[in-house]
There are 2 protein chains.
Amino acid sequence: METPVFTPDALVKRLTDSGLRPTPQREVVFKVIVEKRDHPTADELFARVKAQMPTISLATVYNCLETLVQCGLVRQVNFERAPTRYCPNLCQHAHFRDEATGELHDIDLPPDMIARLRELLPPGFNATDIELSFRGQAAPGAVPVSHGTN
Amino acid sequence: METPVFTPDALVKRLTDSGLRPTPQREVVFKVIVEKRDHPTADELFARVKAQMPTISLATVYNCLETLVQCGLVRQVNFERAPTRYCPNLCQHAHFRDEATGELHDIDLPPDMIARLRELLPPGFNATDIELSFRGQAAPGAVPVSHGTN
DNA sequence: AGCTTGTTTAGAACTATTCTAATTCTCACT
DNA sequence: AGTGAGAATTAGAATAGTTCTAAACAAGCT
Ligand SMILES: [Mn+2]
Ligand SMILES: [Mn+2]
Ligand SMILES: [Zn+2]
Ligand SMILES: [Zn+2]
């Protein structure tokens with residue numbers, strides 16, 4: 001399983017291709033979300049980013065995240081009404097939320113399973129997006145997932 | 001497929017079994033959510049319930065819904081950060097959100113598929129809950145689902 | 001330099017939901 | 001039937017994540 005890491009240059013290309021500008025803020029937000037592959041909230045990202053760019057504002061973090069989501073470089077993940085989390089893993093995958101810690105874990109979701117899920121839909125229903133999420137307990141030492149870095 | 005409809009008596013039993021009181025507010029909220037089997041928000045339910053009990057408050061609707069969810073008589077359904085919706089269909093099922101209208105449709109989710117989904121979890125992950133949701137377009141005339149009335 | 005357009009920023013606004021504290025109700029027990 | 005204790009309801013305030021606003025800033029172009 002290869003590991004197509006996003007270089008900073010790839011970000012610049014994706015942005016300019018969409019008619020958007022590669023600003024320092026967008027670059028640092030992207031760098032910070034990619035380098036620690038968890039599922040931080042906007043607040044958590046704000047804190048991490050401020051360490052490198054103390055003048056950035058929370059509004060900008062939200063703006064950058066929205067841009068990154070639109071460019072398809074980051075996924076938004078919601079669990080009930082908890083604060084939105086952001087996921088840099090672009091492979092199709094499901095999420096498992098550990099009830100004890102609140103943390104999200106990536107769960108591999110093979111293409112054939114996605115196909116089977118799609119078959120659940122009656123004729124006339126056309127899904128552009130499928131979301132699968134688990135909630136429960138994870139044994140402390142349980143290894144997360146294949147961890148393909150996109 | 002039989003159709004186990006919840007009578008008002010069943011609600012009373014479920015409540016008293018849990019040490020809760022069967023109040024007129026709880027009964028009317030339950031009646032209103034069951035009689036039109038869609039996926040209303042708290043606001044929408046509040047409007048419907050007020051027609052029958054003009055003095056009820058929104059806080060009470062929220063309180064009653066929380067109670068009904070705890071008793072397992074109603075499911076909570078979230079889509080991204082949109083207002084929580086409430087679902088009276090207790091059979092295991094997935095949801096399809098029509099992007100055009102914002103409406104939710106129930107999608108049958110057979111037990112064997114649930115079992116297969118569970119197999120996606122690596123050892124050490126124990127799911128108490130699985131949630132599957134689709135987003136896309138539904139052809140106007142598409143028939144919703146098996147519609148087992150619980 | 002001036003213009004244009006996109007971006008950032010601080011803070012206000014928004015909104016679904018929860019909390020508070022006072023009142024009312026329910027029901028088991030006389 | 002009447003009381004009392006605890007449960008539930010209510011109006012309105014508070015909360016909190018997110019979005020909006022409007023002013024300042026940046027970069028490219030003429
Ligand atoms: Mn947060
Ligand atoms: Mn609503
Ligand atoms: Zn993820
Ligand atoms: Zn449903």
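Model, not experiment: these values are computed from the prediction. Worth knowing before you read on, the calculation uses all heavy atoms, side chains too, and leaves out hydrogens, waters and symmetry mates.
In this structure, the nucleotide among D:dA8, C:dT7, C:dA16 sitting nearest to the side chain of A:Arg81 is C:dA16. When distances are taken from the side chain of A:Tyr62 to each of C:dT18, D:dT18, D:dA11, the shortest belongs to D:dT18. When distances run from any side-chain atom of A:Ala59 to the nucleotides D:dG17, C:dC19, D:dC20, the shortest one goes to D:dC20. Counting only heavy atoms from C-beta on, B:Ser57 has its side chain closest to D:dA11 among C:dT8, D:dT18, D:dA11.
In this structure, CG of A:Leu20 is placed 16 Å from P of C:dT5, rounded to the nearest angstrom. A:Leu58 places its CG atom 17 Å from the P atom of D:dT21, with the value rounded to the nearest Å. Taking atom CD1 of residue A:Ile56 and atom P of nucleotide C:dT7, one finds them 14 Å apart after rounding to whole Å. Distance B:Asn63 CG to D:dT10 C1': 9 Å, rounded to the nearest Å. Atom-to-atom, CD of A:Glu80 to C1' of C:dA16 comes out at 15 Å; the value is rounded to the nearest Å. The distance between atom NZ of B:Lys50 and atom P of D:dT10, rounded to the nearest whole Å, is 12 Å.
Where B:Cys64 and A:Tyr86 meet DNA chain D, the nucleotide closest to each residue was compared, and B:Cys64 sits on the side nearer the 5' end.
Between B:Thr23 and D:dT9, a side-chain N or O to OP1/OP2 separation shorter than 4.0 Å is present.
No side-chain donor-acceptor contact under 3.5 Å links B:Arg81 to the backbone of A:Glu80.
Backbone-only contact: B:Pro24 has heavy atoms under 4.0 Å from sugar-phosphate atoms and none from a base. When heavy atoms are screened at a 4.0 angstrom cut-off, A:Thr60 is found touching base atoms of the nucleic acid.
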